Protein chains: 2
Amino acid sequence: MDVKTTCLGVLAMGEATGYEIRKHFEDGPFSHFAEGGFGSIYPALNRLTADGLVECTEQAQDKRPDKKVYRLNDRGFSALLQSLERAPAEDRYKSDLLFMLFFADHIPPTRLAALIDDRIAFYRDKLAQMAECRQDDAAPFGPAFVHGFGACVYQAALDYLERHRAALIDRVARAQAADAAE
Amino acid sequence: MDVKTTCLGVLAMGEATGYEIRKHFEDGPFSHFAEGGFGSIYPALNRLTADGLVECTEQAQDKRPDKKVYRLNDRGFSALLQSLERAPAEDRYKSDLLFMLFFADHIPPTRLAALIDDRIAFYRDKLAQMAECRQDDAAPFGPAFVHGFGACVYQAALDYLERHRAALIDRVARAQAADAAE
DNA sequence: ATTTGCATATATCAAATCGATATATTATGT
DNA sequence: ACATAATATATCGATTTGATATATGCAAAT
């Protein structure tokens, strides 16, 4: 599922600029499972336009760069539906924090605490933010299902960190103290 | 955290070939939070060798390509510890399946069921596999903490799919039937 | 009996993506 | 007064992905 396809997905929810698509990847309902920076979004939109899957209207703005508003057309919507027929690739998860915590035994306990606390705060924020945006009843079921999945997984991650934080820090502190004493 | 650093991480657990590092990314204790194919691992190992962070011993094999066994040296270990001091990047999660399920309302219920069932089977396998590899008591705490985190999150994802599978499929089926009837 | 596929191993390369930077203006916070 | 964030597009080197090439042994299915 490349950036072109995820852009089609965002545009299926309504017209948007490249800048707005980026925001959807960061904050919106796509943020839990899609990604993409400007460096991939803008070329993708150019390509989609050239391939005739989206249409672009330039809107001049006072004291701002021109907006390029992209809109999905019928061929674009078909392309999106086709992408839903292919077998999904495996999920991909990458976490610097978990890599670091794997080597927790080599990290000072105070830093360990700071790292975990930051992530706890992050998950709390995320969950609070997600709790706010409840859907209206007429909404389609897909987005609600995916939203619920994201919330559920974030909650599990948060709970785990809160439940095991103290034990990890305590054990590492003891081990390091014993090691220093030799 | 680039592939060079994650390779250092794997090599900190013991010497390995590029091929074996790949397997660690796929199955081993790093698989929940690190990634990398041959196309990034082999260049990374060449680079690490050139930079003097790892050492390489070629082992000729009968009827097999030569093995290149890589081993972390002191400078390499220092580099790994230094990477633990930097601020971790945000986690990155990408899921084709969730993208597709976001548009569940456009997917036939039978396919929806197949997609979800496949993922349920995947999570069950993964969790069974993870349950097997228990650690010995003398092991460092970091790997156990990260292992527990992974298991906890996978379990939450599995539970969610099992609990909400039927409702999603049922609702989508009704909506599509109503839509077809017009 | 034979083909198909998987495991062992390294390597390369085009295409895709990332991450930082450039440009320009306004609004907001310190 | 000054710095930072937000709005908006664009580029570009560096990194990563995903597919393919090469070579062989072994096991399982046809």
Side-chain angles (χ1 to χ4, degrees), chain A residues 1-8 10 15-28 33-51 54 56-70 83 86-94 96 99, chain B residues 1-8 10 15-28 33-51 54 56-70 83 86-94 96 99:
Chain A
M1 207 71 90
D2 56 18
V3 177
K4 287 201 295 291
T5 309
T6 37
C7 283
L8 289 179
V10 173
E15 57 178 35
T17 66
Y19 185 79
E20 287 164 344
I21 290 175
R22 171 90 201 294
K23 281 200 298 182
H24 278 96
F25 286 166
E26 269 206 336
D27 301 319
F33 56 86
E35 289 183 312
F38 295 131
S40 41
I41 291 171
Y42 286 120
L45 289 171
N46 287 334
R47 183 67 189 281
L48 289 171
T49 308
D51 291 350
V54 302
C56 172
T57 316
E58 270 184 81
Q59 284 180 8
Q61 297 191 114
D62 258 12
K63 320 263 188 173
R64 287 253 183 266
D66 291 358
K67 254 189 195 177
K68 288 186 180 175
V69 181
Y70 292 90
S83 77
R86 288 190 278 276
E90 265 195 31
D91 285 9
R92 316 178 54 193
Y93 178 57
K94 201 184 172 191
D96 277 15
F99 177 83
Chain B
M1 209 70 90
D2 55 20
V3 177
K4 285 200 296 292
T5 309
T6 36
C7 283
L8 289 179
V10 173
E15 59 178 34
T17 65
Y19 185 78
E20 287 163 346
I21 291 176
R22 171 89 202 293
K23 282 199 298 183
H24 277 95
F25 286 167
E26 268 205 337
D27 300 320
F33 55 87
E35 289 182 313
F38 294 132
S40 42
I41 291 171
Y42 287 120
L45 289 171
N46 287 334
R47 183 69 188 280
L48 289 170
T49 308
D51 291 351
V54 303
C56 173
T57 315
E58 270 183 81
Q59 284 180 8
Q61 298 192 114
D62 257 14
K63 319 263 187 175
R64 287 253 182 268
D66 291 359
K67 253 190 196 178
K68 289 187 181 174
V69 180
Y70 293 90
S83 77
R86 288 192 277 277
E90 266 195 32
D91 284 9
R92 317 178 55 193
Y93 178 58
K94 201 184 171 191
D96 277 15
F99 178 83

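Every chain is numbered from 1 and lettered A, B, ... according to where its sequence line falls, protein lines coming before strand lines. What you are looking at is a predicted structure, and each value in this text was computed from that prediction instead of being measured.
Following rounding to the nearest Å, B:E35 (CD) and D:dT17 (C1') show an atom-to-atom distance of 10 Å. Taking atom CZ of residue B:R47 and atom P of nucleotide D:dT15, one finds them 6 Å apart after rounding to whole Å. Distance, B:L45 CG to D:dT16 P: 12 Å, rounded to whole Å. The CD1-P distance, from B:I41 to C:dT10, rounds to 10 Å in whole Å. To the nearest angstrom, C1' of D:dT11 lies 13 Å from CZ of A:F38. Taking atom CD of B:E58 as the reference point, atom C1' of C:dA9 lies 12 Å away to the nearest angstrom. With rounding to whole Å, B:M1 atom CE is found 18 Å from C:dC18 atom P. For A:Q59 and D:dA8, the CD to C1' distance is 12 Å, given to the nearest whole Å.
Mapping A:P43 and B:V69 onto DNA chain C via the closest heavy atom, the residue that lands nearer the 5' end is B:V69. Where A:G18 and A:K94 meet DNA chain D, the nucleotide closest to each residue was compared, and A:G18 sits on the side nearer the 5' end.
Among all heavy-atom pairs drawn from B:I21 and B:C7, the shortest one is CG2-SG, 4.1 Å. The minimum heavy-atom distance between B:D96 and A:P88, with the atom names listed, is CB-CB, 3.7 Å. Residues B:E20 and B:E15 come closest through the heavy atom pair OE1-O, 4.5 Å. Across A:P43 and A:F38, no two heavy atoms sit closer than the pair CD-O, 3.7 Å.
A sub-4.0 Å separation between OP1 or OP2 of C:dT10 and a side-chain N or O of B:Y19 is absent. For A:T17, a side-chain nitrogen or oxygen approaches OP1 or OP2 of D:dT9 to under 4.0 Å. Listed pair A:K68 / D:dA10 meets the phosphate criterion, a side-chain N or O lying under 4.0 Å from OP1 or OP2. Neither OP1 nor OP2 of C:dA16 sits under 4.0 Å from any side-chain N or O of A:S40. OP1 or OP2 of D:dT7 lies within a sub-4.0 Å distance of a side-chain N or O belonging to A:K23. Remark: A:Y42 is not in phosphate contact with D:dA10, judged by side-chain N or O atoms under 4.0 Å from OP1 or OP2.
Under 3.5 Å, the side chains of B:T49 and B:N46 contain no donor-acceptor pair of N or O atoms.
The residue A:R92 sits close only to the backbone: its heavy atoms come under 4.0 Å of sugar-phosphate atoms, none of a base.
For the helix from C:dA1-D:dT30 to C:dT30-D:dA1, the rotation axes defined at the first and last 5 base pairs enclose an angle of 50°, given to the nearest 10°.
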* **Test log, rule side-chain contact (heavy atoms from CB on, under 4.5 Å), inputs B:L8 and B:V54** => CA-CA 8 Å; B:L8 289 179; B:V54 303; 4.0 Å; yes
* To do: Just do the side-chain contact (heavy atoms from CB on, under 4.5 Å) check on B:L48 and B:Y70 with the steps written out, would you?
  => CA-CA 10 Å; B:L48 289 170; B:Y70 293 90; over 6 Å; no
